[in-house]
**Student:** 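Below: one structure in structure tokens.
For ligands, and for the atoms within them, numbers begin at 1 and follow the listed sequence.
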Amino acid sequence: MNHLNFAPIVIPRKTKVITTSIKKAAFYLSKGEVVAIPTETVYGLAANIYHENALHKIFEIKERPFYNPLIVHIDAIESLSKVAINIPEKAYVLARHFWPGPLTMIFEKKASVSNVITANKNTVAVRIPNHPVTLELIRKVGAPLAAPSANPFGSISPTSAKHVENYFKNKLDVILDGGPAAKGIESTIVGFKKGQVIVYRLGSVSIEMLESVVGKVKVIKHSTKDPIAPGMLQKHYAPKTPMIMSKNPLRTASNLLGKNIGLLVFIQTGATSDYYTEVLSCNGDFEEAAKNLYASMHKLDSMGFDLLIAQEFPNAGVGKSINDRLARACKKDTNFTPNNIFI
Ligand code: AMP
Ligand code: MG
């Protein structure tokens, strides 16, 4: 009993932010909140595309520059017409082959699609995620969801609900847990020009996979000047710890005495080293390596190393996409210049 004779104030304990309740996530999305959602690529920060305020909130939470558009997530090919017009025939071929899955396609946007989603472009990026929880969520909400990756702008993408919580503990009410992301790197982004398929961002769907379905594609190199797809920025997906790439991380590390170094390698080779090492795939499988990539980067980044050394992957298939992410993770203001210690 307190001396003023008032009933004691009960401060409600904050309910857990991570949940597996699709119903709860749908409720929050329907009332205009931002909810973190699982996908097979990485976790996303989602809003109902028809809630303008929620769309703005995504940019605030992520501290994402306004020029960086969001991907619209739909649940079925038939929903494409809700957001896109003049859909080329090749897009349907790709959609039938890769959707639901980690392929984002850029179309002319329908006038009703918010400019907040498209960063004032007249195009919209769309995909069907291959995750049963999020597909059910989209159906429950009854509208497409716009979502970028659920990380602060430029940082390592999240592949688990815990990664999202670590980034945005106090900024989100709901993080929908759908388990670890099965693919682990972002979607491949393609567009269409004069009947040709243009690849703007390498991702889980490799160039070889695309070409086996639609023939030769054109790959655009990333640029900082006028990124058509801002996922093409040179510096992105970066840990806070300086990182460099090397064909032989162990040798590179042994040339850098006095540094506390962590290694990120594709396959464990040779004897156990003196360095803490994250191995991405025990049996040399690109898909497994992609799945583990960001979790290993998050872990290494939390361990207080002076420098991380990542092994360059063979330049084929999804290995190419992993090299793309590693190269951009290495672009950071650092005293270590990758070029002069490449061996
Ligand atoms: P994130 O999921 O964080 O990789 O962000 C979504 C990415 O999709 C952006 O960074 C862009 O690269 C790409 N994107 C989204 N909408 C468009 C668009 N209309 N045109 C080109 N790229 C887009
Ligand atoms: Mg991102």
Side-chain angles (χ1 to χ4, degrees), residues 34 36-47 49 55 58-74 80 83-87 91 102-111 113-129 131 134 144-159 163-164 167-168 181 183-193 197-205 219-239 293-294 297-298 321 324-325 328-329 331:
V34 172
I37 58 164
T39 83
E40 82 283 29
T41 59
V42 301
Y43 274 66
L45 269 188
I49 63 161
L55 297 171
I58 291 177
F59 286 82
E60 269 166 42
I61 293 172
K62 262 194 82 122
E63 295 176 33
R64 184 179 178 93
F66 68 91
Y67 60 74
N68 202 342
L70 312 176
I71 294 172
V72 171
H73 296 73
I74 56 175
L80 202 47
V83 292
I85 54 170
N86 297 333
I87 297 155
L103 179 70
T104 298
M105 293 194 260
I106 297 172
F107 302 107
E108 261 180 72
K109 86 175 185 94
K110 215 172 156 180
V113 175
S114 166
N115 284 325
V116 181
I117 293 174
T118 63
N120 287 320
K121 292 175 191 293
N122 59 3
T123 54
V124 63
V126 189
R127 81 177 189 102
I128 303 181
H131 198 297
T134 288
L145 300 177
S149 55
N151 52 278
F153 181 67
S155 312
I156 310 169
S157 300
T159 52
H163 291 157
V164 182
Y167 278 138
F168 300 122
K183 293 289 179 190
I185 58 170
E186 294 77 3
S187 58
T188 302
I189 300 180
V190 302
F192 306 88
K193 256 191 198 129
V197 175
I198 320 270
V199 180
Y200 293 112
R201 178 172 79 179
L202 300 176
S204 289
V205 174
V219 182
I220 303 279
K221 286 264 179 298
H222 50 76
S223 107
T224 46
K225 275 186 241 131
D226 179 25
I228 296 171
M232 299 157 74
L233 289 172
Q234 282 184 10
K235 180 181 141 190
H236 218 74
Y237 316 109
L293 178 69
Y294 290 140
M297 279 168 67
H298 278 286
S321 311
D324 167 84
R325 299 302 188 273
R328 285 190 266 170
K331 288 267 176 192

**Student:** Could you check if a side-chain atom of Ile106 sits within less than 4.5 angstrom of a side-chain atom of Val190, using non-hydrogen atoms only?
**Tutor:** no

**Student:** Do Arg127 and Thr39 meet the criterion of a side-chain donor-acceptor pair at a distance under 3.5 Å?
**Tutor:** yes

**Student:** Does ligand 1 have an atom that lies less than 4.0 angstrom from a heavy atom of Thr118?
**Tutor:** no

**Student:** I need the atoms of ligand 1 closer than 4.0 Å to a non-hydrogen atom of Leu70, numbered in the order shown.
**Tutor:** 15 (C), 16 (N)

**Student:** Would one find an N, O or S atom of Asn151, in either backbone or side chain, under 2.8 Å from the Mg ion (ligand 2)?
**Tutor:** no

**Student:** Using a distance-only test with no angle check, is there a side-chain donor-acceptor pair under 3.5 angstrom linking Ser157 and Arg325?
**Tutor:** no

**Student:** Assess whether side-chain contact (heavy atoms from CB on, under 4.5 Å) is satisfied between Tyr167 and Ile156, documenting all intermediate values.
**Tutor:** CA-CA 10 Å; Tyr167 278 138; Ile156 310 169; 3.7 Å; yes

**Student:** Measure across Asn68 and Phe153 and return the closest heavy-atom pair with its distance rounded to 0.1 Å.
**Tutor:** ND2-CE1, 3.2 Å

**Student:** Under 4.0 Å between a side-chain nitrogen and a carboxylate oxygen: does that hold for Lys121 and Glu108?
**Tutor:** no

**Student:** Which atoms of ligand 1 sit under 4.0 Å from any heavy atom of Ile189?
**Tutor:** 8 (O), 12 (O), 13 (C)

**Student:** With a 3.5 Å distance limit and no angle check, can you tell me whether Ser187 reaches the backbone of Ile189 through a side-chain donor-acceptor pair?
**Tutor:** no

**Student:** Using a strict 4.0 Å cut-off to heavy atoms of Thr123, name the atoms of ligand 1 that fall inside it.
**Tutor:** 18 (C), 19 (N), 20 (N)

**Student:** N/O to N/O below 3.5 Å, does that happen between Arg201 and ligand 1?
**Tutor:** yes

**Student:** Tell me the nearest of Asn151, Ile106, Ile71, Val72 to atom 8 (O) of ligand 1, using heavy-atom distances.
**Tutor:** Ile71

**Student:** Decide whether the shortest distance between a heavy atom of Arg64 and an atom of ligand 1 is less than 4.0 Å.
**Tutor:** yes

**Student:** Examine Glu186 against ligand 1 and note whether any of their N/O atoms are separated by less than 3.5 Å.
**Tutor:** no

